[in-house]
Amino acid sequence: MLIVIANVLSKDEVRQFRAHLDHAEWQDGVRTAGTLAQQVKRNLQIDDNSELAIKLGNHILRNLGQHPAFISAALPQKIYPPKFNCYQDGGGYGLHVDSAIMVLPGTGQNLRSDLAATVFLAEPGEYEGGELEIDTDFGAQTVKLAAGDMVLYPASSLHRVTPVTSGARTASFFWIESMVSDGTERAMLYDLDQAIQKLTLTVDPQNSALLTLTGVYHNLLRRWAIT
């Protein structure tokens with residue numbers, strides 16, 4: 001399931017982020033790459049432990065904690081702290097798959113990477129190339145979103161960032177462990193929840209069919225969730 005979530009950051013918030021990031025101290029992204037990824041990764045990243053990365057990452061997490069579409073789609077249990085990267089001067093990231101298990105910084109706890117997320121922080125017209133290409137059962141899907149929008153997709157997917165031939169592509173990226181690990185079950189819950197939300201706009205809250213569907217949703221979540 002690939003889901004685009006609009007306006008995770010407002011345009012004003014994006015401007016504030018960029019005011020900091022455009023003058024940040026960037027490092028070679030190879031420093032955080034695994035053995036295989038080192039061969040295909042060409043980008044810049046901010047030190048995860050820097051005050052700026054932590055401050056901006058926490059801002060994204062606060063926004064997501066109040067974003068109904070994200071909660072519905074991800075059913076988050078744990079979230080890896082957001083990272084920040086920049087692609088320019090022909091930089092890209094070849095085809096790869098994310099690590100299945102990650103250690104949450106500062107906690108020693110493991111996170112199972114069910115979902116990956118990218119929040120775009122540059123407008124599409126600011127750079128050429130830089131598309132996020134994600135392999136799906138229906139072929140490769142290309143994603144290049146407006147600044148402030150986010151794409152959520154299975155971390156198990158093969159994906160890549162095409163080379164940026166002009167300008168600079170700035171983004172934040174992170175991973176989510178969901179309460180519902182099975183992607184098919186999670187997609188069914190998302191579709192059901194979205195249908196319920198639409199119905200609540202048009203029918204009486206005490207409508208028997210709506211109440212039944214709501215009960216089905218919560219009973220399925222109760223059956224499938226691991227907390």
Side-chain angles (χ1 to χ4, degrees), residues 1-6 8 29-30 32-43 45 48 57 60-61 64 67 69-87 91-104 110-122 124 127 129-146 148-164 169-194 224-226:
M1 185 171 65
L2 188 155
I3 297 174
V4 172
I5 301 177
V8 168
V30 170
T32 62
T35 304
L36 292 177
Q38 290 178 5
Q39 309 303 314
V40 296
K41 184 178 183 181
R42 286 190 57 207
N43 69 1
Q45 290 184 204
D48 297 343
I60 290 174
L61 294 180
L64 290 175
H67 205 299
F70 171 74
I71 301 299
S72 177
L75 295 170
Q77 173 84 314
K78 302 175 187 175
I79 302 179
Y80 196 98
K83 296 170 171 279
F84 296 87
N85 61 18
C86 178
Y87 293 85
Y93 200 156
L95 202 62
H96 66 284
V97 65
D98 296 330
S99 298
I101 304 296
M102 304 176 183
V103 179
L104 286 169
N110 288 330
L111 174 143
R112 183 188 62 245
S113 60
D114 297 318
L115 295 161
T118 296
V119 180
F120 288 75
L121 298 173
Y127 58 98
E131 291 86 1
L132 175 61
E133 292 187 351
I134 305 164
D135 280 1
T136 73
D137 293 338
F138 305 100
Q141 302 292 307
T142 300
V143 183
K144 189 173 185 178
L145 303 178
D149 293 352
M150 182 178 82
V151 62
L152 195 63
Y153 61 97
S156 57
S157 304
L158 284 170
H159 56 282
R160 72 180 187 127
V161 177
T162 63
V164 172
R169 174 196 189 271
T170 308
S172 176
F173 63 103
F174 51 96
W175 299 271
I176 301 104
E177 177 179 316
S178 176
M179 289 186 288
V180 177
S181 61
D182 185 274
T184 300
E185 294 171 352
R186 196 166 54 245
M188 292 171 63
L189 287 168
Y190 175 74
D191 289 342
L192 182 55
D193 183 55
Q194 293 304 295
W224 291 335
I226 300 174

Donor-acceptor list for residues 151-159 side chains, cut-off 3.5 Å, not counting sequence neighbours:
from, atom 1, to, atom 2, distance (Å)
Ser157, OG, Pro154, O, 3.1
His159, ND1, Ser157, O, 2.9
His159, NE2, His96, NE2, 3.2
His159, NE2, Asp98, OD1, 3.4

* To do: For the residue pair Met1 and Ile3, establish whether any side-chain heavy-atom pair is separated by less than 4.5 Å.
  =>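 Touching, per the 4.5 Å side-chain cut-off.
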* Asked: Are any of the side-chain heavy atoms of Met150 and Leu64 separated by less than 4.5 Å?
  ->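 Yes, at least one pair of side-chain atoms sits under 4.5 Å.
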Heavy-atom pair with the smallest gap, counting every atom of [X] and [Y]:
X      : Y      : answer
Glu177 : Asn110 : OE1-O, 3.9 Å
Ala73  : Leu115 : O-CD1, 4.4 Å
Ser99  : Ser113 : O-OG, 2.5 Å
Tyr127 : Lys144 : O-NZ, 3.0 Å

* When you look at CE of Met188, are more than 12 heavy atoms from neighbouring residues, nucleotides or ligands closer to it than 6.0 Å? ->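 Atom CE in Met188 is not crowded, with 12 or fewer foreign heavy atoms closer than 6.0 Å.
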* **Asp48: partners by side-chain hydrogen bond (donor to acceptor under 3.5 Å, both in side chains), with sequence neighbours left out** =>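 For Asp48, the residues satisfying side-chain hydrogen bond (donor to acceptor under 3.5 Å, both in side chains) (neighbours in sequence not counted) are Lys83.
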* **Pairs involving residues 149-163, ordered by first then second residue, that meet salt bridge (charged side-chain N to carboxylate O under 4.0 Å, His left out) (sequence neighbours left out)** =>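 Sorted pair list: Glu133-Arg160.
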Would you say the side-chain atoms of [X] pair up with the backbone N or O of [Y], donor to acceptor, closer than 3.5 Å?
X      : Y      : result
Thr162 : Gly130 : yes
Ser178 : Ser181 : no
Arg186 : Val180 : yes

* Qualifying residues under side-chain contact (heavy atoms from CB on, under 4.5 Å), relative to Pro76, sequence neighbours excluded ->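 In terms of side-chain contact (heavy atoms from CB on, under 4.5 Å), with neighbours along the sequence ignored, Pro76 is linked to Phe70, Ile71, Ala74, Ile79, Ile176.
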* **Under the ring pair (Phe, Tyr, Trp, His ring centres under 6.0 Å) test, residues paired with Phe173 that sit two or more places apart** =>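 Testing Phe173 for ring pair (Phe, Tyr, Trp, His ring centres under 6.0 Å), a comparison that skips the adjacent residues, returns Trp175.
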* What residue pairs, at least two apart or across chains, pass side chain to side chain donor-acceptor pair (under 3.5 Å) with a residue in residues 72-81? ->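 Sorted result for residues 72-81: Ser72-Asp193, Ser72-Gln194.
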